[in-house]
Amino acid sequence: MIILGIETSCDETGVAIVEQNPNSSLSIHSNIVASSLKKHAETGGIIPEIAAREQIKAMAPVLSEALLKGIGYHLGENTSPAIDAIAVTYGPGLIGSLLVGVETAKTLSSIWNKPLIPVNHMHGHLYANWLENSDIVLPAVVLIVSGGHTDLLLLNEKKEITIIGGTRDDAAGEAFDKIGRLLNLPYPAGPRISQLAEQGNATNYPLPRPMIGSKDYEFSFSGLKTAVLNLVKKNNWDFSQVESSSKLQQIQYDLSASVQKAIIEVLVRKTVSAAIHHNVKSVLLGGGVAANSLLKKRLLEELSEKSIALTSPSPELCTDNGAMIAAAAFFSPPVDRHLVKAEPGLYY
Ligand code: KG4
Ligand code: ZN
């Protein structure tokens, strides 16, 4: 079975062709992603209308490249492509961006007479774990950490998802991005903070680990952002001058290391205690922050002692892409295409 997956929930336009093999492992034939990230770096955050307009521009070229690379099909041929279904993200996300993918998918499903499978974006991040690993042993605790989410899930069976915790305010990726602005780093700041952290000392600036001791699986990251803001204000640090001051540069390195350590310590502590409490065999990661190598290293250290396996998608499959939407579609039923709608605020 071959599925065409379309993802347009935010600033990435992703289209992929994924095949499920007879032994039920998945093969990615193509996975093309265009991003309007550079435009948002100029404004320091995503402007929804710009993201939607960029989705419209990118959709046809990305779709055409994914079909050609994946199955040698030229968009515009008279016959339908050799795919069995079309999957598309219906939400959550930005409404203007979602509409581009949903309406494209509905049109293609109608012209080519292929079933349409609506996919929840968060399920995409979760099932991305099966794109490179078909031997995942359940039950599992799943940590989804992206720009909009910090969720802890329990997965007893492949389709049985229970939410066991989440953030009360900022998501982990959002914390990286907002603190990045205080350090004068371009959006999205997560990858840059983790790069700068390599040259920093994580113990120079003691930062809070919000809710680390709470006996639940809830998170809160807005206090961390406020702590960094207060530190920057108190010391009058102006990170726009970082290039002309080696002292300021070192402060930026050290703060990056301290922020990364604080966020990761909370994520690791809660994930590991959830895994022990629920007696799971595996921990799965998903979402853009799962691309962070220190997060994976620390989790691996903690979990291997307890003989719990850690699975995480490759970095390019952690951030938004079409292959993860196709992967989730193998676990979801098709829906009458007239009933498929963009749902910006629907979680899980
Ligand atoms: O999943 P994603 O591509 O989009 C959403 O659905 O939000 O995640 C993007 C988020 C951003 O907040 C970005 O700063 C963060 O993932 N991110 C990282 C890293 N790579 C991306 N955060 C920390 N370390 C990274 N290496
Ligand atoms: Zn995402």
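When a ligand or atom number is given, it counts from 1 through the structure's own listing order. One-based numbering along the sequence shown.
Close approach to Gly173 involves these atoms of ligand 1, each under 4.0 Å from a residue heavy atom: 12 (O). Per-residue contacts place His121 under 4.0 angstrom from the following atoms of ligand 1 (heavy atoms of the residue considered): 6 (O). Listed by number with element, the atoms of ligand 1 under 4.0 Å from a non-hydrogen atom of Thr319 are 3 (O). Close approach to Gly148 involves these atoms of ligand 1, each under 4.0 Å from a residue heavy atom: 7 (O).
Here the protein heavy atom with the shortest distance to atom 22 (N) of ligand 1 is Gly190 CA, 3.4 Å. In terms of protein heavy atoms, atom 24 (N) of ligand 1 is closest to Asn292 ND2, 3.1 Å. Among all protein heavy atoms, the one lying closest to atom 2 (P) of ligand 1 is Asp320 OD1, 3.5 Å. Residue, atom and distance of the protein heavy atom nearest to atom 9 (C) of ligand 1 are Gly147 N, 3.9 Å. In this structure, the protein non-hydrogen atom closest to atom 15 (C) of ligand 1 is Val289 CG2, 3.9 Å. Among protein heavy atoms, the minimum distance from atom 21 (C) of ligand 1 is reached at Gly288 O, 3.3 Å.
Ring geometry, Tyr127 versus Trp130: the interplanar angle falls from 30° to 60°, so the pair is classed tilted. A perpendicular orientation is assigned to the rings of His121 and His125, their planes being inclined by more than 60° (bins at 30° and 60°). Below 30°, between 30° and 60°, or above 60°: for Tyr217 and His277 the angle between ring planes is between 30° and 60°, a tilted geometry.
Residues Lys281 and Ser307 bring no donor and acceptor atom of their side chains to less than 3.5 Å of each other. Side-chain atoms of Thr89 and Glu7 form a donor-acceptor pair, as typed in the model, at a separation below 3.5 Å. For Ser220 and Arg168, the side-chain atoms include no donor-acceptor pair closer than 3.5 Å. Side-chain atoms of Glu218 and Thr167 form no donor-acceptor pair, as typed in the model, at a separation below 3.5 Å.
Not close to ligand 1: Cys10, with no non-hydrogen atom less than 4.0 angstrom away. The closest approach between a heavy atom of His125 and any atom of ligand 1 is below 4.0 Å.
The Zn ion (ligand 2) lies under 2.8 Å from an N, O or S atom belonging to His125.
Within the 4.0 Å heavy-atom criterion, the part of Asp177 lying near ligand 1 is the side chain and not the backbone.
Of all N/O/S atoms in His121, NE2 sits nearest the Zn ion (ligand 2). Among the heteroatoms counted here (N, O or S) of Asp320, OD1 is the one nearest to the Zn ion (ligand 2).
Checked for salt-bridge contact, Lys178 and Asp170 meet the test: a charged N lies under 4.0 Å from a carboxylate O. Contact check on Glu65 versus Lys69 returns no salt bridge, with no Lys/Arg side-chain nitrogen under 4.0 Å from an Asp/Glu carboxylate oxygen. By the 4.0 Å N-to-carboxylate-O rule, Arg269 lies too far from Glu265 to be salt-bridged with it. Comment: Lys39 does not engage Asp11 in a salt bridge, judged by the lack of any side-chain N to carboxylate O separation of less than 4.0 angstrom.
With atom 13 (C) of ligand 1 as the reference point, the heavy atom nearest to it among Gly286, Pro188, Ala128 is part of Pro188.
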